[in-house]
Amino acid sequence: MKKWLSNIGPGTLVTAAFIGPGTVTVCTLAGVKFGYTLLWALGLSIVACMVLQEMAARLGVVTQKGLSEVLKSQFSNKMVKGTLISIVISAIFIGNAAYEAGNISGGVLGLATIIDALNIHFAGSSFNYLSLVIGVLAFVLLYIGNYKILERSLIILVLCMSLAFIITAIVTKPDISSIFKGFVPDVSSEKLFTIVGLIGTTVVPYNLFLHASLVKEKWSTPEELPFARKDTVIAIVLGGLVSMAIIIAGAAIQNTEVHNAAGLARSLEPVFGSAATYVLSLGLFAAGVTSAITAPLAAAYVVKGCMGWEDGLKTKKFRSVWIFILLLGVIFSSLGIKPIEIIQFAQVANGILLPVIAAFLLWVMNKKKLLGAYTNSWKQNVIGFLILGIAVFLGGRSVWMVLGRSVWEVLDRSVWKVLFDL
């Protein structure tokens with residue numbers, strides 16, 4: 001048991017990354033608007049996430065290289081290589097900088113339901129001090145540069161977050177038979193945007209880069225792959241249970257005025273008491289903090305791999321990347337700035353990146369020269385190509401939503417309004 005527990009870690013960081021304020025908010029809205037009927041979409045998201053993350057982990061353990069390093073090494077044509085690296089850096093680096101403000105703001109929203117007087121007024125400006133507190137916490141954990149400390153800190157936060165949301169779902173006393181019915185697929189037109197949101201916030205491109213890089217810190221030989229697989233499955237299933245718990249909690253309040261998890265916490269109080277409010281608020285806070293740590297870390301790993309920098313969490317170049325992203329997030333969040341244009345770019349960039357990276361991952365996972373006996377089986381390829389089809393659909397939908405229609409129309413009619421409001 002001690003040996004098994006010692007091999008748990010990187011997968012938990014992936015869970016910490018995808019269960020952020022965006023995921024919490026979309027799951028909350030799915031439950032509030034549609035009850036349990038979209039649990040099937042979340043189940044599909046978890047399976048897709050598990051398959052792709054297992055491939056990324058296997059690639060990292062066998063090659064001892066990050067995904068961006070492998071991507072760079074597989075193309076000799078300078079134009080192709082340069083184009084791919086540009087797309088990756090743009091989507092991950094700039095996109096994560098934009099979403100970092102949402103991560104920090106989400107953590108602040110969690111505390112806003114139980115702590116008053118969040119703003120400090122100085123020289124005609126208003127500053128949210130909790131954004132700075134979360135930023136400092138993330139800075140300290142990242143700056144220490146010790147993988148074990150970072151891993152254990154995030155494991156604790158993820159466990160707190162998981163308990164908070166699961167306890168909240170249990171308190172609502174859900175109808176078990178209705179929950180099972182929620183796993184029957186239903187792709188009604190009015191649910192399409194929410195389905196896209198659920199899948200898009202679970203299968204995250206930067207998590208593939210993060211996972212492939214992190215497993216090298218934990219395992220160094222292909223013989224340790226069983227540990228990596230168990231870690232991946234357990235962590236992502238746990239993340240899926242947390243997301244489902246949020247949907248179930250949201251379904252308890254059939255109130256269209258609830259716009260985010262903080263609003264859900266307030267709505268639960270009259271029915272289930274103040275304890276539910278505190279538990280759910282602390283869960284949202286933990287979700288914001290974990291994502292505020294992993295988003296800058298992922299960006300730093302991606303840039304390091306693309307640029308060919310030396311290894312090490314404590315190198316100046318590596319630190320400069322995550323410090324820059326964290327600083328932007330704190331500034332945008334504390335000043336109440338909503339970087340709509342940057343987030344729009346991030347949506348387009350990530351919409352393009354997900355199918356590109358999924359296709360590249362499937363390609364390299366079938367290269368005998370790179371992976372030897374650890375290439376994909378035919379079953380893994382079949383599932384992988386089905387996921388690629390979903391990724392292409394999501395990518396096209398994401399780009400079309402931002403570019404093909406009025407942005408404000410999209411913001412008014414879909415869950416993206418709530419994500420942007422973070």
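Given the structure is predicted, the values throughout are model-derived calculations rather than measurements. Sequential numbering from 1 along the given sequence is applied to the chain's residues.
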Separation between CG of L29 and CG of L198, rounded to the nearest 0.5 Å: 9.5 Å
side-chain contact (heavy atoms from CB on, under 4.5 Å) assessment of L39 paired with M244: CA-CA 7 Å; L39 286 172; M244 289 179 184; 3.9 Å; yes
Interatomic spacing from CG in L225 to NZ in K230 - rounded to 0.5 Å: 12.5 Å
Would you sort out whether I89 and I85 count as a side-chain contact (heavy atoms from CB on, under 4.5 Å), showing the intermediate values? CA-CA 6 Å; I89 290 181; I85 288 176; 3.7 Å; yes
Side-chain (D231) to main-chain (G11) donor-acceptor, under 3.5 angstrom: yes
Check: S291 side chain, A16 main-chain N or O, donor-acceptor pair, under 3.5 Å: yes
Does I167 reach the side chain of V171, with side-chain heavy atoms less than 4.5 Å apart? yes
Please check if the number of heavy atoms outside F324 that lie under 6.0 Å from its CZ is greater than 12. no
Between W322 and L297 the two heavy atoms that sit nearest each other are CB-N, 4.4 Å
Any side-chain heavy-atom pair from K317 and M307 closer than 4.5 angstrom? no
In terms of heavy-atom contacts, V203 and C49 come closest through CG2-N, 4.1 Å
When you measure from the side chain of K72 to the backbone of C306, do you find a donor-acceptor pair of N or O atoms at a distance under 3.5 Å? yes
So, for T168 and A249, which heavy atoms are closest and what is the spacing to 0.1 Å? CG2-CB, 3.9 Å
Looking only at heavy atoms, what is the nearest atom pair of T15 and G239, with distance? CG2-CA, 3.7 Å
Do P296 and V321 touch side chain to side chain, with heavy atoms closer than 4.5 Å? no
L42 CG to L241 CG distance, which is reported to the nearest 0.5 Å: 9.5 Å
Below 6.0 angstrom between ring centroids: does that apply to F318 and Y301? yes
Could you tell me which non-hydrogen atom of I246 sits nearest to which non-hydrogen atom of C27, and how far apart they are? CG2-CB, 3.7 Å
Do P10 and E217 come within less than 4.5 Å of each other through their side chains, counting heavy atoms only? no
Is there a side-chain contact between T37 and F34 (heavy atoms, below 4.5 Å)? yes
Carefully, step by step, assess L150 and I144 under the rule side-chain contact (heavy atoms from CB on, under 4.5 Å). CA-CA 8 Å; L150 183 64; I144 289 172; over 6 Å; no
Between T375 and L371 (side chain of the first, backbone of the second, donor and acceptor by atom type, cut-off under 3.5 Å), is there such a pair? no
Please tell me if the side chains of F18 and V242 come closer than 4.5 Å, counting only heavy atoms from C-beta onward. no
Only one of I156, L157, L13, I155 clears side-chain contact (heavy atoms from CB on, under 4.5 Å) with T290; which? L157
Considering only heavy atoms from C-beta outward, does the side chain of I195 approach that of W40 to under 4.5 Å? yes
Non-hydrogen side-chain atoms of L67 and L210 separated by less than 4.5 Å: no
Answer yes or no: is there a donor N or O on one side and an acceptor on the other, between the side chain of Q74 and the main chain of L71, under 3.5 Å? no
To the closest 0.5 Å, what do you measure between CG (L388) and CD1 (I357)? 11.5 Å
When every non-hydrogen atom of I247 is compared with those of G35, the smallest separation belongs to CG2-O, 3.6 Å
Charged tip of R58 within 45° of Y374 ring normal and under 6.0 Å: no
Nearest 0.5 Å, please: how far is CG in N103 from OG in S131? 11.5 Å
Main-chain N/O of W219 paired to Q64 side chain as donor or acceptor, under 3.5 Å: yes
Give the intermediate values and the outcome of salt bridge (charged side-chain N to carboxylate O under 4.0 Å, His left out) for residues E224 and R229. CA-CA 9 Å; E224 296 173 298; R229 288 195 178 102; over 6 Å; no
dist I323:CD1 -> L142:CG (nearest 0.5 Å) comes out at 9.0 Å
Kindly determine whether V158 and L238 satisfy side-chain contact (heavy atoms from CB on, under 4.5 Å), including the steps that lead there. CA-CA 9 Å; V158 167; L238 175 62; 4.2 Å; yes
